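A note on names: the letters A, B, ... follow the listed sequences, proteins ahead of strands, and every chain is numbered from 1. Owing to the predicted nature of the structure, the values given are computational and were not obtained by experimental measurement.
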Amino acid sequence: MSRANDRVEALLREYAELIAISGQDAFKARAYEKAARAIGGHPVDIAQLDAKGLMDIPHVGRSIADKVLEYLRTGRIPEVEASREAVPAGVRELTRIPGLGPRKALVLHRDLGISSVAELEEALRGEKLRDLKGFGERTEESIRHGILLLRQAGDRILLDAATELAEEIVAELSRIPGCVRCTYAGSLRRMRETIGDLDVLVAADTSEPFMAALTALPATAEVIAHGAKKTSVRTASGVQVDLRVLPPASWGAGLQYFTGSKAHNIRTRELAARHGLKLSEYGLFDAETGENLASETEEDVYARLGLPWIPPALREDRGEIAAALRGELPELVTERDIRGDLHTHTDLTDGLASLEDMAAAAAARGYAYYAVTDHAPDLAMQRMTKEKALAQRDRLRALDRTLRGMRLLHGTELNIGPDGGLDWPDDFLAGFDLCIASVHSHFGQTREAMTSRIIRACENPYVAVLGHPTTRRLGIRPGVDADFDAVFAACARTGTALEVNSHPERLDLCDEDILRAKRHGVKFAVNTDAHATVHLPYLRYGVGTAQRGWLTKEDVVNAWPWGRLHRFLREKRRR
DNA sequence: GCCGTTTTCGGCCCGACTGTTTTCAGTCG
């Protein structure tokens with residue numbers, strides 16, 4: 001199962017929402033939110049902690065510690081369950097709609113009896129909302145738009161949740177006697193940014209124990225189909241998991257087939273057909289004789305088609321087969337290639353861990369360098385000042401002298417204002433080792449204004465990286481409207497790296513934007529934007545996204561040795 | 001509900017934006 005910290009975080013967040021929707025003290029709701037975030041980001045497994053240990057976590061007091069202990073003992077928190085009784089699940093779902101918060105959801109439920117998105121749509125059609133106090137025609141319109149956004153997110157889940165679930169299932173099935181091989185395939189193996197359902201493969205001579213195990217998993221809520229070759233279940237969180245059990249001799253062909261994508265498989269089968277071969281999940285066969293020519297490993301299958309093994313992240317029919325035939329597949333950047341993280345936060349602003357703890361966690365990952373980039377004053381809620389930044393720099397330099405093998409960099413994440421202005425004047429920016437600049441507000445500007453705003457920030461000689469360039473958040477809001485070809489060209493011209501933000505909710509730039517940007521000759525920085533030590537491993541999702549954008553370590557500045565990265569940073573300041 | 005202390009209750013990251021209101025409430029980051 002996932003970390004107890006994550007499960008408790010989800011429960012406390014739900015409780016906070018329920019408190020807010022039922023119209024109780026807003027500060028109480030905030031207290032639960034803060035505790036949820038702190039527990040989710042806490043580096044120690046809370047299952048190991050007693051009451052005192054729990055209360056040492058910031059924002060966790062007696063009351064919440066008791067609820068956590070109750071959860072660890074019984075798997076339940078009675079208060080949360082009681083609140084669920086009082087608020088229909090559909091009402092909570094209403095707050096998923098961007099622009100619709102707990103107060104409006106409460107009014108909708110109390111005055112119109114609305115308790116699902118479907119009922120809300122019905123009321124919208126009848127123009128019933130505009131008569132409610134605090135609502136109007138514009139509100140109706142914004143809710144309609146919000147529902148549209150929610151629908152676009154669909155039923156897909158984020159990469160981190162999918163990865164955790166898949167790894168749990170694979171670990172479980174791998175323990176069963178007779179398991180020759182087990183892994184996940186499908187869009188998760190290709191590291192798509194969101195996942196519709198999970199495909200798990202097992203190589204074994206008998207399938208029944210694996211099928212039975214899947215249906216018996218604690219996460220399984222419903223069995224959709226249960227057969228000898230394939231079993232499908234749905235988890236409590238609504239994710240469909242398909243399990244296929246193959247004879248060990250078909251492993252490679254099966255893995256190739258179930259990894260997809262569909263478009264890639266069509267290409268490979270066409271290629272097979274041109275050679276008088278037939279490719280299926282059981283193997284690559286001679287079309288005439290039916291002789292099995294390759295099936296045990298993916299390498300065998302691709303080789304018999306005259307191709308090198310193609311990394312899953314490239315299997316999207318974006319020219320990878322033609323490139324493979326020419327022997328020009330890119331040597332993709334890997335997680336091991338990344339020498340440092342250039343975008344991270346501490347508890348000086350909105351991070352959860354101290355400078356010392358973040359640096360220690362980074363050093364434990366074997367990084368050669370690591371930048372701390374807390375927010376700057378224009379994000380007013382963070383209350384940053386020059387004095388605080390300078391004090392942090394002193395602490396960081398002192399800490400740096402005690403570290404062996406990892407260089408600490410003092411950076412900042414600047415806010416790109418509506419006109420492209422930044423938080424601090426150039427002479428102060430010059431004191432940082434590196435500056436990231438990102439858009440955090442005013443998302444609704446015109447395309448022209450947004451484009452020139454971002455470009456102006458990139459033209460600042462001290463801005464080394466454009467952070468989460470489109471500012472999208474998956475399932476929450478789309479990216480801003482800007483002429484990104486113009487932005488990418490400006491980045492190439494000014495020597496500004498584009499971030500590939502690894503947070504599973506962002507993955508920004510996305511694969512297709514990376515491909516576009518690369519054609520402009522831009523460099524990239526794959527960063528985590530970590531706000532807690534447990535976020536540093538998000539890097540794998542950013543690297544997966546970079547791979548889907550065909551990036552090599554040549555393209556990624558934080559895959560370079562420090563000397564080269566340092567020259568890159570210096571070069572920009574000299575332009 | 002948590003926190004800090006001015007040790008026992010008052011404040012809780014702050015500001016912008018939007019829409020509905022006519023001085024404010026809700027939402028967002």
Side-chain angles (χ1 to χ4, degrees), chain A residues 8 11-13 15-39 51 54-68 77 79-80 83 94-110 129-146 149-150 345-352 374-385 388 413-419 423 438-445 467-468 471-473 475-480 503 505-506 508 529 531:
Chain A
V8 167
L11 268 176
L12 295 182
R13 271 192 203 284
Y15 193 43
E17 279 181 44
L18 294 170
I19 289 168
I21 295 170
S22 54
Q24 299 175 55
D25 182 9
F27 288 114
K28 183 171 161 182
R30 285 280 289 286
Y32 276 99
E33 266 169 39
K34 282 193 273 191
R37 202 169 105 87
I39 289 171
L54 287 169
M55 287 169 70
D56 283 342
I57 301 174
H59 311 296
V60 177
R62 182 85 249 169
S63 170
I64 292 180
D66 282 345
K67 289 185 177 68
V68 174
I77 302 180
E79 289 88 344
V80 179
S83 309
L94 297 182
T95 64
R96 297 280 108 77
I97 298 168
L100 208 169
R103 310 300 309 190
K104 285 203 161 72
L106 173 63
V107 172
L108 290 172
H109 179 235
R110 192 190 57 205
L129 269 55
R130 57 186 63 180
D131 300 330
L132 295 173
K133 186 171 164 56
F135 288 72
E137 282 183 46
R138 308 288 293 269
T139 314
E140 284 186 345
E141 204 34 62
S142 107
I143 291 176
R144 270 195 203 97
H145 180 65
L149 287 177
L150 189 69
H345 297 271
T346 74
D347 58 6
L348 182 61
T349 56
D350 58 350
L352 293 164
D374 272 312
H375 290 290
D378 286 358
L379 235 58
M381 62 184 180
Q382 308 299 352
R383 296 177 147 185
M384 180 55 104
T385 61
K388 284 189 187 176
E413 183 185 12
L414 300 164
N415 179 57
I416 303 177
D419 61 351
D423 312 57
S438 323
V439 168
H440 296 102
S441 61
H442 301 84
F443 304 123
Q445 286 180 318
H468 43 75
T471 78
R472 73 163 180 177
R473 288 176 66 207
I476 297 174
R477 64 161 189 255
V480 297
H503 195 291
E505 211 173 64
R506 292 192 184 270
D508 180 12
D529 201 354
H531 285 65

Name all residues meeting the salt bridge (Lys or Arg N to Asp or Glu O under 4.0 Å) criterion together with A/D374; count only those two or more places apart in sequence or in a different chain, and write none if there are none.
->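 A/D374 satisfies salt bridge (Lys or Arg N to Asp or Glu O under 4.0 Å) with no other residue.
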[atom1] spacing across the pair [N] / [M], given as an integer number of angstrom:
N      : M      : atom1 : answer
B/dT21 : B/dG26 : P     : 12 Å
B/dC13 : B/dC3  : P     : 12 Å
B/dG11 : B/dT5  : C1'   : 12 Å
B/dT22 : B/dC28 : C1'   : 24 Å
B/dC2  : B/dT8  : C1'   : 14 Å
B/dG15 : B/dC9  : C1'   : 27 Å

Taking all atoms of both residues into account, what is the closest heavy-atom pair of A/A105 and A/T95, and its distance?
->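 For A/A105 and A/T95, the tightest heavy-atom pair comes out as CB-CG2, 3.9 Å.
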Heavy atoms only: give me the nearest A/R472-A/D508 pair and the separation to one decimal.
->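 Heavy atoms of A/R472 and A/D508 come nearest at N-OD2, 3.6 Å.
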Over how many whole Å does the gap from [X] atom [atom1] to [N] atom [atom2] extend?
X      : N      : atom1 : atom2 : answer
A/I77  : B/dG1  : CD1   : C1'   : 14 Å
A/R103 : B/dT21 : CZ    : P     : 17 Å
A/L106 : B/dA25 : CG    : P     : 15 Å
A/I143 : B/dG26 : CD1   : P     : 14 Å
A/L100 : B/dT27 : CG    : P     : 7 Å
A/L352 : B/dC13 : CG    : P     : 14 Å
A/D423 : B/dG15 : CG    : C1'   : 14 Å
A/L108 : B/dG26 : CG    : C1'   : 12 Å

So what does A/R130 hit on the nucleic acid, given a heavy-atom distance under 4.0 Å: a base, only sugar-phosphate, or nothing?
->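 Answer is nothing: A/R130 stays at 4.0 Å or more from every strand.
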Just call it for A/I19: base, sugar-phosphate, or nothing, with non-hydrogen atoms closer than 4.0 Å on any strand.
->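 Counting heavy atoms under 4.0 Å across all strands, no contact is made by A/I19.
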Once side chain to side chain donor-acceptor pair (under 3.5 Å) is applied, do any residues pair with [X], and if so which ones, sequence neighbours excluded?
X     : result
A/D56 : A/K52
A/R96 : A/E17
A/R30 : none
A/Y32 : A/K67

When you check the glycosidic angle of B/dT7, does it come out syn, meaning within 90° of 0, or anti?
->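 The base of B/dT7 is oriented syn (glycosidic angle within 90° of 0).
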Residue pairs passing the salt bridge (Lys or Arg N to Asp or Glu O under 4.0 Å) test where at least one lies in residues 134-143 of chain A, sequence neighbours excluded =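 Listed by first then second residue: A/R130-A/E137, A/R130-A/E140, A/E141-A/R144.
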Any side-chain N or O of A/R477 under 4.0 Å from OP1/OP2 of B/dG29?
->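 A/R477 to B/dG29 OP1/OP2: side-chain N or O found under 4.0 Å.
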For A/D25, check side-chain contact (heavy atoms from CB on, under 4.5 Å) against everything at least two apart and list the hits.
->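 With neighbours one apart ignored, the set is A/F27, A/K28.
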Would you kindly compare A/K67 and A/A105 by the position of their nearest DNA chain B nucleotide and give the one closer to the 5′ end?
->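 The residue whose closest nucleotide sits nearer the 5' end is A/K67.
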Provide a list of protein-nucleic acid N or O atom pairs under 3.5 angstrom, restricted to nucleotides 16-19 of chain B.
unit_1 : atom_1 : unit_2 : atom_2 : d
B/dC17 : OP1    : A/H442 : NE2    : 3.0
B/dG19 : OP2    : A/R138 : NH2    : 3.3
B/dG19 : O3'    : A/T139 : OG1    : 3.2

Under the ring pair (Phe, Tyr, Trp, His ring centres under 6.0 Å) test, residues paired with A/H345 that sit two or more places apart =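 Ring pair (Phe, Tyr, Trp, His ring centres under 6.0 Å) list for A/H345, sorted by chain: A/H343, A/H375, A/H531.
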Excluding sequence neighbours, so at least two apart, what forms ring pair (Phe, Tyr, Trp, His ring centres under 6.0 Å) with A/H468?
->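 Ring pair (Phe, Tyr, Trp, His ring centres under 6.0 Å) check on A/H468 returns A/H440.
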Could you tell me whether the side chain of A/L129 reaches within less than 4.5 Å of the side chain of A/L108, counting heavy atoms only?
->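 In short, these two side chains touch, coming nearer than 4.5 Å.
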Would you say the side chain of A/V60 lies within less than 4.5 Å of the side chain of A/V68, judging by non-hydrogen atoms?
->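 Counting from C-beta outward, A/V68 and A/V60 never come under 4.5 Å.
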Assigned partner base of B/dT8, Watson-Crick or wobble definition, under 3.5 Å |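 Answer to the pairing question: none, since B/dT8 forms no Watson-Crick or G-U pair.
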Report, one pair per line, the protein and nucleotides 9-12 of chain B atoms (nitrogen or oxygen only) whose separation is under 3.5 Å.
none

Please list, for nucleotides 2-8 of chain B, all pairs of protein and nucleotide N/O atoms separated by less than 3.5 Å.
unit_1 : atom_1 : unit_2 : atom_2 : d
B/dC2  : OP1    : A/G61  : N      : 2.8
B/dC2  : OP1    : A/G61  : O      : 3.4
B/dC2  : OP1    : A/I64  : N      : 3.1
B/dC3  : OP1    : A/H59  : N      : 2.7

